[in-house]
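Atoms within each ligand, like the ligands themselves, are counted from 1 in listed order.
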Amino acid sequence: MSTSPSLPSDHQASLIDGKGFAATLRQQIREDVRTFHDEHGVTPGLAVILVGNDPASEVYVRNKAIQTHHAGMRSFMHMLPETTSEEELLALIERLNHDPEIHGILVQLPLPNGLDARRVTNAIQPEKDVDGLGEINAGRLAIGLPSLIPCTPLGCLLLLRDQLGDMRGKHAVVIGCSNLVGKPLALLLLAEGCTVSIAHIHTRDTAALARQGDILVVATGCRELVHGDWIKPGATVIDVGITRVTTETGKTRLVGDVVFDEAVKVAGRITPVPGGVGPMTIACLLKNTLMAARLLVTGKSE
Ligand SMILES: Nc1nc2c(c(=O)[nH]1)N[C@@H](CN(C=O)c1ccc(C(=O)N[C@@H](CCC(=O)O)C(=O)O)cc1)CN2
Ligand SMILES: [Mg+2]
């Protein structure tokens with residue numbers, strides 16, 4: 001791979017510190033939770049449901065519980081066996097929907113085979129759907145109404161706003177069109193005034209499209225898909241991928257969807273993996289939980 005003639009040969013992108021940004025956001029949320037409690041006498045409560053024993057999911061839900069407590073909110077964990085039926089899961093969600101101490105509910109994904117994620121996610125009361133994955137919140141986002149926004153795309157948006165400010169007129173290329181990240185993020189960037197292109201499995205020349213992006217977001221789950229020569233010199237690159245790989249020495253490390261060592265020589269700014277987008281996901285979950293509590297208690301979002 002050769003670097004662009006428009007960049008000095010020793011060019012290095014600046015790193016977008018998602019870990020630091022998320023820590024600051026969590027501290028702000030902690031203060032807002034205290035103020036909310038002082039004003040309304042209510043402590044926001046988040047219910048997290050994990051079905052089965054996926055090791056990565058177990059780590060994520062444990063971190064969600066720890067960070068919920070740190071933010072001054074109440075955490076309610078429901079660890080269900082792999083054998084849980086859809087009816088049992090739906091019955092639990094129905095109970096949580098009616099529980100006044102619970103303001104946010106999420107079901108950790110992926111669900112074990114045999115459980116219909118769409119049906120389960122849709123059973124969550126839209127006002128408590130802090131993952132923003134139900135059809136009501138997804139539909140509201142699509143038509144530009146206020147909604148609970150999925151946590152990872154919200155995290156990407158907050159990082160991009162912090163880095164770039166006004167994004168009107170910028171060409172944002174989003175590679176990946178999942179309901180969890182790519183599609184909602186494309187809609188959020190459209191609302192920011194970007195011209196948005198979405199690349200997916202059938203896109204003819206993804207590299208050529210990617211090279212047009214002032215902003216390039218990669219959320220495919222396909223490790224190190226994007227090479228340095230896919231990136232427009234000076235572009236802002238957001239790498240959403242997280243894949244754990246085992247090195248020759250037997251140790252494990254995380255890699256993104258972007259070949260970092262190549263991208264860093266071309267991009268203007270880039271999120272590292274780990275420490276980029278990942279930490280924003282849980283910080284934004286806490287933000288959504290406080291927002292849901294505020295809406296449920298006061299009927300207002302601010
Ligand atoms: N119901 C949901 N399920 C899943 C979501 C989600 O938002 N809602 N997202 C992911 C998993 N996830 C949270 O649930 C998550 C992923 C990554 C991180 C994170 O902090 N990553 C770190 C690295 C952590 C590590 O060492 O493994 C980083 O990138 O720096 C937090 C949360 C799928 N499921
Ligand atoms: Mg490759």
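A salt bridge between Arg119 and Glu86 is present, with a side-chain N of the basic residue lying under 4.0 Å from a carboxylate O of the acidic one. At a threshold of 4.0 Å, the pair Lys19-Asp17 does not count as salt-bridged, since none of the basic side-chain nitrogens sits closer than that to a carboxylate oxygen. Taking 4.0 Å as the cut-off between side-chain N and carboxylate O, Arg118 and Glu135 count as a salt-bridged pair.
Within ligand 1, the atoms closer than 4.0 Å to a non-hydrogen atom of Arg244 are 25 (C), 26 (O), 27 (O), numbered from 1 in the order shown. Proximity to Val107 (heavy-atom distance under 4.0 Å) selects the following atoms of ligand 1: 1 (N).
Defined by atom type and a distance below 3.5 Å, a donor-acceptor pair is present between the side-chain atoms of Glu88 and Ser85. In this structure, a donor-acceptor pair under 3.5 Å is present between the side chains of Thr281 and Thr152. No hydrogens or angles considered: nothing links the side chains of Thr289 and His103 as a donor-acceptor pair under 3.5 Å. Asp32 and Gln28 are linked by a side-chain donor-acceptor pair at a separation below 3.5 angstrom, with hydrogens and angles left out of the test. For the 3.5 Å distance criterion, the side chains of Thr271 and Asp239 fail to qualify, holding no donor opposite an acceptor.
Any N or O atom pair closer than 3.5 Å counts here, and Tyr60 shares no such pair with ligand 1. Of the N or O atoms in Gly275, one or more lie within a sub-3.5 Å distance of an N or O in ligand 1. Looking at Pro274 next to ligand 1, no N or O pair under 3.5 Å apart turns up.
Proximity of Lys64 to ligand 1, defined as any heavy-atom pair under 4.0 Å, is confined to the side chain (atoms from C-beta onward). Contact annotation: for Leu285 versus ligand 1, there are no heavy atoms closer than 4.0 Å. Looking at Ile242 against ligand 1, only its side chain comes within 4.0 Å, counting heavy atoms. With a 4.0 Å cut-off on non-hydrogen atoms, Thr281 touches ligand 1 through its side chain and not its backbone.
Shown here, atom 28 (C) of ligand 1 is in close reach of the protein: a heavy atom of it lies under 4.0 Å off.
Of the protein's heavy atoms, Asp131 OD2, 2.6 Å lies nearest to atom 1 (N) of ligand 1. In terms of protein heavy atoms, atom 26 (O) of ligand 1 is closest to Leu254 CD1, 3.5 Å. Among all non-hydrogen protein atoms, the one lying nearest atom 21 (N) of ligand 1 is Gly278 CA, 3.6 Å. Summary of contacts: the protein heavy atom closest to atom 3 (N) of ligand 1 is Leu109 N, 3.2 Å. The protein heavy-atom contact nearest to atom 4 (C) of ligand 1 is Gln108 NE2, 3.5 Å.
Between Val273 and ligand 1 there is no heavy-atom distance shorter than 4.0 Å.
Shown are Lys232, Lys170, Arg269; of these, the salt bridge (Lys or Arg N to Asp or Glu O under 4.0 Å) with Asp214 is made only by Lys232.
Between Ala123 and Leu90 the shortest heavy-atom distance is CB-CD2, 3.6 Å.
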